Amino acid sequence: MKIIMLGAPGAGKGTQAEMIAEKYDLPHISTGDIFRANIKAGTELGNKAKAYMDKGQLVPDSLTIDLVMDRLSQPDCDGGYILDGFPRTIPQAVSLTKALRDRGETLDYAINVHVPDERIVSRMSGRRACSGCGQTYHMVFAPPKTEGICNKCGSELFLRDDDKPETVKKRLAVYHNQTQPLIEYYGKQRILRTVDGTKDMEDVFQDITNILGA
Ligand code: ADP
Ligand code: ADP
Ligand code: ZN
């Protein structure tokens with residue numbers, strides 16, 4: 001099964017993608033995680049990406065598309081995958097469609113996690129990320145067992161720079177301009193499924209599994 005996740009920053013794409021990956025045994029490919037890993041490792045790609053991410057802008061398509069195509073050509077993607085945070089622009093979506101078509105493949109589902117803007121800023125200010133393994137928490141909705149410490153690896157949690165309210169507002173504007181048109185794009189391909197992302201995480205996941213099947 002090949003799935004992409006659509007939705008505003010903070011809608012819960014990563015949270016749901018991780019649960020889907022586990023249940024359906026698919027690799028979870030998050031472009032945000034790949035960029036952050038590159039930043040941490042101090043690679044050239046990381047340095048370039050950071051300048052855009054810090055400003056709440058998208059990393060240019062020229063840097064993003066090849067990176068994802070390369071990842072999708074690795075053997076663990078042969079049985080399908082879940083793409084979280086890609087595509088985010090029409091050129092990215094068109095590149096993905098073409099790459100799949102060249103291999104005689106298509107996407108199965110574009111899952112759109114819908115959350116209205118007014119909920120996003122408060123949700124993001126409570127998000128915490130693990131400095132060690134990248135696991136995501138929420139101070140209210142998904143707190144760690146020990147405050148400020150990752151359940152999985154024991155490292156400290158932090159507020160992402162780009163999750164501060166000023167940057168979140170910019171990212172939302174970028175989302176509406178550049179990413180929201182994908183809803184129509186995948187609607188036309190007849191693979192769009194929209195779920196209500198304001199529900200509890202488990203309920204959103206239930207709605208998604210109803211779509212994907214047992
Ligand atoms: P969120 O899901 O909260 O929006 P991500 O971790 O997916 O956050 O992305 C963080 C940042 O990484 C984005 O704001 C953007 O700068 C960059 N990024 C991630 N995916 C893409 C992409 N497909 N195209 C361009 N930039 C991206
Ligand atoms: P995205 O990948 O779309 O940016 P995340 O999955 O990182 O979003 O979720 C953003 C924040 O909201 C995280 O702190 C996460 O724990 C929390 N969260 C995710 N889904 C829900 C939900 N259904 N209800 C409340 N909080 C949620
Ligand atoms: Zn951790």
Side-chain angles (χ1 to χ4, degrees), residues 4-20 28-39 45-46 48-68 71 82-93 95-96 111-115 119-144 146 148-163 167-168 170-175 178-179 182 195-208:
I4 63 163
M5 302 298 293
L6 295 176
K13 300 180 298 297
T15 301
Q16 296 301 326
E18 202 177 299
M19 291 196 268
I20 297 167
H28 170 197
I29 301 168
S30 157
T31 38
D33 286 351
I34 296 173
F35 287 136
R36 281 185 290 275
N38 274 275
I39 291 172
L45 172 70
K48 284 185 189 158
K50 188 177 189 314
Y52 297 95
M53 291 167 75
D54 283 349
K55 283 186 257 175
Q57 295 169 359
L58 294 182
V59 178
D61 288 339
S62 56
L63 294 177
T64 307
I65 292 171
D66 288 349
L67 177 83
V68 174
R71 178 68 188 85
I82 171 137
L83 266 176
D84 161 21
F86 183 96
R88 255 180 158 104
T89 64
I90 290 284
Q92 290 180 13
S95 299
L96 179 61
I111 305 286
N112 177 32
V113 184
H114 181 257
V115 174
R119 293 263 197 133
I120 295 286
V121 178
S122 61
R123 205 182 257 196
M124 301 292 255
S125 59
R127 172 156 69 180
R128 294 293 180 275
C130 173
S131 54
C133 70
Q135 175 68 33
T136 298
Y137 296 87
H138 193 284
M139 294 203 329
V140 180
F141 305 119
T146 309
I149 301 294
C150 178
N151 294 346
K152 286 193 177 166
C153 76
S155 303
E156 270 183 56
L157 306 184
F158 68 102
L159 173 66
R160 271 166 50 181
D161 260 345
D162 62 343
D163 279 353
T167 316
V168 170
K170 277 189 215 145
R171 288 163 67 201
L172 272 175
V174 167
Y175 167 75
Q178 303 199 56
T179 307
L182 299 184
V195 295
D196 178 357
T198 65
K199 295 184 186 176
D200 287 349
M201 292 171 200
E202 295 301 331
D203 294 333
V204 179
F205 185 56
Q206 183 61 57
D207 291 347
I208 293 176

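In this text the structure is predicted, and so the values were computed from the model without any measurement. Atoms within a ligand are numbered from 1 in the order they appear, just like the ligands themselves.
Ligand 1 has no N or O atom lying under 3.5 Å from any N or O atom of Asp33, backbone or side chain. Any N or O atom pair closer than 3.5 Å counts here, and Thr136 shares no such pair with ligand 2. On a distance-only criterion, Gly126 and ligand 2 share no N/O pair closer than 3.5 Å. Looking at ligand 2, you'll find an N or O of Tyr137 within less than 3.5 Å of one of its N or O atoms. Between Asp163 and ligand 1, no N or O atom pair is found at a separation short of 3.5 Å. For ligand 2, one of its N or O atoms has an N or O atom of Ala11 under 3.5 Å away.
Using a 4.0 Å cut-off between heavy atoms, Lys55 makes no contact with ligand 1 at all. Contacts of Val59 with ligand 1, taken as heavy-atom pairs under 4.0 Å, involve both backbone and side chain. Of all the heavy atoms of Lys170, none lies under 4.0 Å from any atom of ligand 1, so neither backbone nor side chain is involved. The residue Tyr52 has no part lying near ligand 1, judged by heavy-atom distances below 4.0 Å.
When side chains are defined from C-beta on, Met19 does not count as touching Ile208, because their heavy atoms never get closer than 4.5 Å. Phe205 is listed as a side-chain neighbour of Ile20, based on a closest heavy-atom distance under 4.5 Å. In this structure, Leu67 and Ile34 have side chains that are in contact, with non-hydrogen atoms separated by less than 4.5 Å. You'll find the side chain of Thr31 reaches within 4.5 Å of the side chain of Val68, heavy atoms only. Residues Leu182 and Pro87 are in side-chain contact: their nearest non-hydrogen atoms beyond the backbone lie under 4.5 Å apart. Residues Glu18 and Gln135 have side chains in contact (heavy-atom distance under 4.5 Å, counting atoms from C-beta outward).
The angle that Cys133 SG and Cys130 SG make at the Zn ion (ligand 3), rounded to 10°, works out to 110°. Geometry at the Zn ion (ligand 3): SG/Cys153 and SG/Cys150 form an angle of 120°, nearest 10 degrees.
Closest to atom 15 (C) of ligand 2 among all protein heavy atoms lies Thr15 OG1, 3.8 Å. Counting only heavy atoms of the protein, atom 24 (N) of ligand 2 lies nearest to Arg123 NH2, 3.3 Å. In terms of protein heavy-atom proximity, atom 1 (P) of ligand 1 is nearest to Arg171 NH2, 3.2 Å. Gly12 N, 3.1 Å is the protein heavy atom nearest to atom 8 (O) of ligand 2. The shortest contact between atom 2 (O) of ligand 1 and any protein heavy atom is with Lys13 NZ, 3.2 Å. Looking only at protein heavy atoms, the nearest one to atom 16 (O) of ligand 2 is His138 CB, 3.3 Å. For atom 26 (N) of ligand 2, the closest non-hydrogen atom on the protein side is Phe141 CD1, 3.3 Å. Looking only at heavy atoms of the protein, atom 27 (C) of ligand 1 is closest to Phe35 CE1, 3.7 Å. Residue, atom and distance of the protein heavy atom nearest to atom 7 (O) of ligand 2 are Arg127 NH1, 2.6 Å. Looking at atom 23 (N) of ligand 1, its nearest protein heavy atom turns out to be Gly85 O, 2.8 Å. Summary of contacts: the protein heavy atom closest to atom 4 (O) of ligand 2 is Gly10 N, 2.8 Å. Of all protein heavy atoms, the one closest to atom 20 (N) of ligand 2 is Met201 CG, 3.6 Å. Protein heavy atom at the shortest distance from atom 10 (C) of ligand 1 is Arg160 NH2, 3.6 Å.
Between Ile120 atom CD1 and Ser125 atom OG the span is 11.0 Å, to the nearest 0.5 Å. Going from atom CZ of Arg160 over to atom OG1 of Thr136 covers 7.0 Å, rounded to the nearest 0.5 Å. For the atom pair CZ of Arg71 and CG of Asp66, the computed distance is 15.5 Å after rounding to the nearest 0.5 Å. Rounding to the nearest 0.5 Å places CD of Gln206 at 8.0 Å from CG of Asp203. Ser30 contributes atom OG, which lies 12.5 Å from atom CZ of Phe86 (distance to the nearest 0.5 angstrom). Here SG of Cys150 is found 6.0 Å from CG of Leu157. Values are rounded to the nearest 0.5 Å.
For ligand 2 and Lys199, the ligand atoms under 4.0 Å from any heavy atom of the residue are 22 (C), 23 (N), 24 (N). Every atom of ligand 2 is numbered from 1 in the order shown, and the set under 4.0 Å from a heavy atom of Asp200 is 23 (N). Residue Ala8 has at least one heavy-atom neighbour below 4.0 Å for each of these atoms of ligand 2: 3 (O). Atoms of ligand 1 lying under 4.0 Å from at least one heavy atom of Thr64, given by number and element, are 22 (C), 23 (N), 24 (N), 25 (C). Counting atoms of ligand 2 from 1 in the listed order, those under 4.0 Å from a heavy atom of Gly14 are 1 (P), 2 (O), 6 (O). The ligand atoms of ligand 1 that sit less than 4.0 angstrom from a heavy atom of Gln92 are 22 (C), 23 (N), 24 (N), 25 (C). Within the listing of ligand 2, atoms 23 (N) sit less than 4.0 angstrom from a heavy atom of Gly197. Residue contact check: Thr31 has heavy atoms under 4.0 Å from atoms 19 (C), 20 (N), 21 (C), 23 (N) of ligand 1.
Of the residues Asp196, Asp207, Val195, the one that meets the side-chain contact (heavy atoms from CB on, under 4.5 Å) test with Val113 is Val195. Exactly one residue among Arg171, Arg123, Arg128 makes a side chain to side chain donor-acceptor pair (under 3.5 Å) with Asp163. That residue is Arg171. The only member of Leu58, Val59, Asp161 that meets side-chain contact (heavy atoms from CB on, under 4.5 Å) when paired with Met53 is Val59.
Of all the listed residues (Gln57, Arg88, Lys50, Met53), Arg88 holds the heavy atom that lies closest to atom 5 (P) of ligand 1.
Listed here is the closest heavy atom pair of Ile65 and Pro91: CD1-O, 4.0 Å. Annotation for Pro9 and Tyr175: closest pair CD-CB, 3.8 Å, computed over non-hydrogen atoms.
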Dump the intermediate steps for side chain to side chain contact (heavy atoms under 4.5 Å, CB included) on Arg127 and Met139, then the final yes or no. CA-CA 7 Å; Arg127 172 156 69 180; Met139 294 203 329; over 6 Å; no
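Distances from ligand 2 to the non-hydrogen atoms of Gly7 include no value under 4.0 Å.
Between the side chains of His28 and Asp84, a donor-acceptor pair is found at a separation under 3.5 Å. A donor-acceptor contact closer than 3.5 angstrom is absent between the side chains of Thr167 and Asp162.
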